[in-house]
Amino acid sequence: MTDLLIVGGGIMGLWAAVMADRAGLKTVLVERDRIGAGASGGVLGALMPHMPDRWNAKKQFQFDALLSIEMEIANLEAQTGLSAGYRRSGRLIPLPKPHLRTIALRHEQDALVNWKQKDRQFFWHVQDSAPAAGWPQSDAMAGGLVFDTLAARVDPRRFLDLLTAALRQSPHVHIEEGQAVAAIDPVAGHATFADGRVLSFGACILAAGVETFRHLDALEPLSLSVPTGAAVKGQAAVLKAEVDPALPVIFMDGLYVVPHDNGLVAIGSTSENSFADPLSNDHLLDDLLARARAVVPQLENAPVVERWAGLRPKAVGRDPMVGRHPDHARLYALTGGFKISFGLAHRLAASVISEIAGQADEVLPDSFRCASHFSQLRGSTG
Ligand SMILES: Cc1cc2nc3c(=O)[nH]c(=O)nc-3n(C[C@H](O)[C@H](O)[C@H](O)COP(=O)(O)OP(=O)(O)OC[C@H]3O[C@@H](n4cnc5c(N)ncnc54)[C@H](O)[C@@H]3O)c2cc1C
């Protein structure tokens with residue numbers, strides 16, 4: 001019998017294990033393949049805030065998470081001696097049309113009000129010129145560009161290595177790779193693994209990325225007309241380029257250019273709701289690379305060192321799906337981070353672990369709660 005079973009060794013599952021360790025819960029984390037085999041083992045690692053306008057609880061929650069992650073990473077780095085490749089390098093958003101500048105100037109004022117915490121202020125500066133020649137090139141910015149000082153980036157794989165290394169030091173957490181959960185009985189409180197072994201648990205967190213939805217759907221007594229979530233494919237690539245690693249991320253109409261520490265620049269991402277092969281790369285990635293090279297001429301001849309694809313978990317309500325299942329007291333969801341998991345996972349994991357310990361997280365936005373997703377779903381089946 002273990003206090004807690006965590007299914008999935010992605011960013012969500014690993015953070016859940018870190019928080020469980022802090023709470024002293026005897027924990028088993030099972031990953032069917034290897035840590036980072038799912039969407040989390042990608043290449044981009046952009047930590048992007050929401051827009052500073054029309055402020056609400058959801059934006060505040062993400063803002064606080066983007067600040068607290070800095071200290072979380074610093075502590076884990078000190079503990080393990082590893083680096084997550086984190087840097088608050090900011091983000092540039094070229095404004096291709098002059099009228100967009102007027103809107104951006106309004107957001108500059110919004111950021112002054114909403115992007116502050118205690119003595120820290122972050123900015124949505126509207127500027128005329130790029131911080132470095134060709135980053136991005138001026139054709140792309142007829143209305144100038146925004147420099148957002150809140151955004152950051154992290155190297156996804158080094159981040160997972162960091163979390164795993166910290167967990168390997170834990171007396172409470174045991175990680176089993178190559179072990180798939182085949183079935184979960186949330187009433188009896190046991191999971192059956194693919195090799196037939198059965199494990200009893202006090203609580204189980206489903207952090208299995210897109211697979212979480214399949215497990216949740218299977219538990220529904222009446223079949224749902226809409227599944228609990230879906231997979232959205234994304235493709236990305238890595239270029240080798242002599243680019244200053246301190247340069248901000250460029251974001252332009254779905255295109256990300258993310259300079260990392262080690263002479264590598266990640267380019268992402270496609271967003272595909274239908275696809276034949278979940279893990280293949282095709283012309284959609286070639287098109288994205290062509291756009292990136294047009295916006296940043298410095299990348300024109302940079303060789304591609306990796307092409308990658310993964311499936312983002314998108315819950316039915318679009319927001320993350322977090323917390324206790326409405327019908328099963330032992331079962332918890334931790335998924336649906338969709339495009340922003342890396343900046344939120346630590347905070348969402350803390351929320352689930354405190355709920356398991358009997359303390360509701362009052363700050364968690366209602367639309368994130370697992371129960372809210374289910375009431376929305378069941379509303380649409382009736
Ligand atoms: C191209 C692309 C670019 C992206 N860029 C960014 C970005 O810049 N910033 C950002 O924040 N997010 C980004 N994302 C989204 C982010 O990668 C995902 O939201 C996040 O990785 C999801 O993490 P997860 O832990 O929920 O799922 P996963 O990382 O998919 O982890 C789930 C794990 O569960 C395991 N598993 C599944 N079923 C079982 C089972 N039955 N038993 C045991 N284990 C099981 C899987 O093998 C997998 O390792 C991007 C995604 C893609 C595809």
Side-chain angles (χ1 to χ4, degrees), residues 5-17 28-49 62 65-66 69 91 151-157 159-160 163-164 175-184 191-195 199 204-215 218 229 231-238 249 251 254-258 260 266-272 275 278-279 281 284-285 288 306-315 320-322 333-346 348-349:
L5 169 66
I6 298 172
V7 186
I11 191 71
M12 294 287 191
L14 292 174
W15 270 118
V28 176
L29 181 152
V30 289
E31 162 53 51
R32 68 176 172 190
D33 187 343
R34 61 186 160 73
I35 298 298
S40 303
V43 295
L44 210 65
L47 304 179
M48 299 294 110
Q62 194 220 21
L66 288 173
I69 198 172
R91 165 176 60 168
R153 53 86 167 153
V154 68
D155 180 324
R157 291 172 191 167
F159 195 6
L160 298 187
L163 291 163
T164 309
I175 298 177
E176 283 192 45
E177 292 176 90
Q179 183 65 274
V181 168
I184 292 164
T192 308
F193 296 132
D195 64 6
L199 180 74
C204 172
I205 299 178
L206 285 173
V210 295
E211 289 296 315
T212 305
F213 305 128
R214 200 171 51 79
H215 287 286
V232 178
K233 179 177 173 179
Q235 302 182 51
V238 184
V249 171
F251 176 64
L255 166 72
Y256 284 93
V257 180
V258 186
H260 284 287
I267 307 295
S269 302
T270 68
S271 197
E272 304 163 50
F275 42 85
L279 300 179
N281 293 116
L284 295 174
L285 183 57
L288 201 69
E306 182 175 352
R307 288 167 193 265
W308 182 83
L311 296 180
R312 306 176 182 96
K314 182 179 168 196
M321 184 188 265
V322 180
L334 182 57
T335 188
F338 193 29
K339 297 185 176 179
I340 56 170
S341 294
F342 275 80
L344 283 183
H346 63 297
L348 301 178

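Each residue takes its place number in the sequence, starting with 1. Remember, it's 1-based here, ligands and their atoms both numbered in the order they're listed.
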Given Asn281, which partner from the list Glu306, Gln235, Arg307 fulfils the side-chain hydrogen bond (donor to acceptor under 3.5 Å, both in side chains) test?
Gln235
Before signing off on this row, confirm whether Ile11 and ligand 1 have an N or O atom pair separated by under 3.5 Å.
yes
Non-hydrogen atoms of Tyr256 versus ligand 1: any pair closer than 4.0 Å?
no
Which of the atoms of ligand 1 are close to Gln179, meaning less than 4.0 Å from one of its heavy atoms?
43 (C)
So, do Met12 and Leu348 sit near enough that their side-chain heavy atoms are less than 4.5 Å apart?
yes
N or O contact, Ser269 vs ligand 1, cut-off under 3.5 Å:
no
Atom 43 (C) of ligand 1 sits nearest the protein heavy atom Arg32 N, 3.2 Å
Counting non-hydrogen protein atoms only, what is the nearest one to atom 17 (O) of ligand 1? Give residue, atom name and distance.
Ala39 O, 3.3 Å
Heavy-atom contacts with Val30 under 4.0 Å: which atoms of ligand 1 show up? List them by number with element.
43 (C), 44 (N)
Within 4.0 Å of some non-hydrogen atom of Val7, the atoms of ligand 1 are 40 (C), 42 (N), 43 (C)
Under 3.5 Å between any N/O of Gly337 and any N/O of ligand 1: does that happen in this structure?
no
Shortest heavy-atom approach to atom 27 (O) of ligand 1 - which of Ala309, Ala191, Ala349, Gly209:
Gly209
Just going by heavy-atom distances, which of Ser341, Ala37, Pro278, Ala183 is nearest to atom 22 (C) of ligand 1?
Ser341
Which option, Ala208, Gly38, Gly36, Gly42, owns the non-hydrogen atom nearest atom 32 (C) of ligand 1?
Ala208
Can you list the atoms of ligand 1 that are under 4.0 Å from a heavy atom of Ser40?
20 (C), 21 (O), 22 (C), 23 (O), 24 (P), 25 (O), 28 (P), 29 (O)
Closest protein heavy atom to atom 10 (C) of ligand 1, given as residue, atom name and distance to 0.1 Å:
Lys339 O, 3.1 Å
Tell me every residue that passes side chain to side chain donor-acceptor pair (under 3.5 Å) with Arg312, counting only those two or more places apart in sequence or in another chain.
none
Using a strict 4.0 Å cut-off to heavy atoms of Leu44, name the atoms of ligand 1 that fall inside it.
5 (N), 8 (O)
Under 3.5 Å, side chain of His346 to main-chain N/O of Trp15, donor-acceptor pair present?
no
Ser271 versus Lys339, side-chain donor and acceptor atoms under 3.5 Å:
yes
Around atom 50 (C) of ligand 1, find the nearest protein heavy atom and jot down its residue, atom name and distance.
Arg312 NE, 4.0 Å
Using heavy atoms and a threshold below 4.0 Å, how should the contact between Pro313 and ligand 1 be classified: side chain, backbone, both, or neither?
side chain
Among non-hydrogen protein atoms, atom 11 (O) of ligand 1 lies closest to Phe342 N, 2.9 Å
for atom 25 (O) of ligand 1, nearest protein heavy atom and its distance come out as Met12 N, 3.1 Å
Tell me the contacting part of Phe338 for ligand 1: side chain, backbone, both, or neither, using a 4.0 Å heavy-atom threshold, strictly below.
backbone
Is Ala46 in polar range of ligand 1, meaning some N or O pair under 3.5 Å apart?
yes
Minimum heavy-atom separation for Leu334 and Ala16, please, with both atom names.
CD2-CB, 3.7 Å
Short side-chain to backbone donor-acceptor contact, Gln62 and Leu344, under 3.5 Å
no
Report the nearest protein non-hydrogen atom to atom 31 (O) of ligand 1: residue, atom name, distance rounded to 0.1 Å.
Gly10 CA, 3.5 Å
So which of Val181, Thr270, Leu288, Val154 gets nearest to atom 41 (N) of ligand 1, if we judge by its closest heavy atom?
Val181
Counting N and O atoms only, with roles assigned by atom type, does the side chain of Ser40 sit under 3.5 Å from a partner on the main chain of Gly36, one being a donor and the other an acceptor?
no
For ligand 1, does His215 get within less than 4.0 Å through its side chain, its backbone, both, or neither, judged by non-hydrogen atoms?
side chain
Taking 4.0 angstrom as the limit and counting only heavy atoms of Ala180, give me the atoms of ligand 1 inside it, by number and element.
42 (N), 43 (C)
Residue portion contacting ligand 1 (non-hydrogen atoms closer than 4.0 Å) for Glu211:
side chain
Quick one: does ligand 1 sit under 4.0 Å from the side chain of Met48, the backbone, both or neither, non-hydrogen atoms only?
neither
Considering only non-hydrogen protein atoms, determine which one is nearest to atom 48 (C) of ligand 1 and report residue, atom name and distance to 0.1 Å.
Glu31 OE1, 3.4 Å
Could I get the full list of ring-ring contact (aromatic ring centres under 6.0 Å, His included) partners for Tyr256, not counting sequence neighbours?
Phe251
Is there side-chain contact between Thr212 and Pro313, with heavy atoms separated by less than 4.5 Å?
no
Arg157 side-chain N/O to Gly42 backbone N/O, donor-acceptor pair under 3.5 Å:
yes
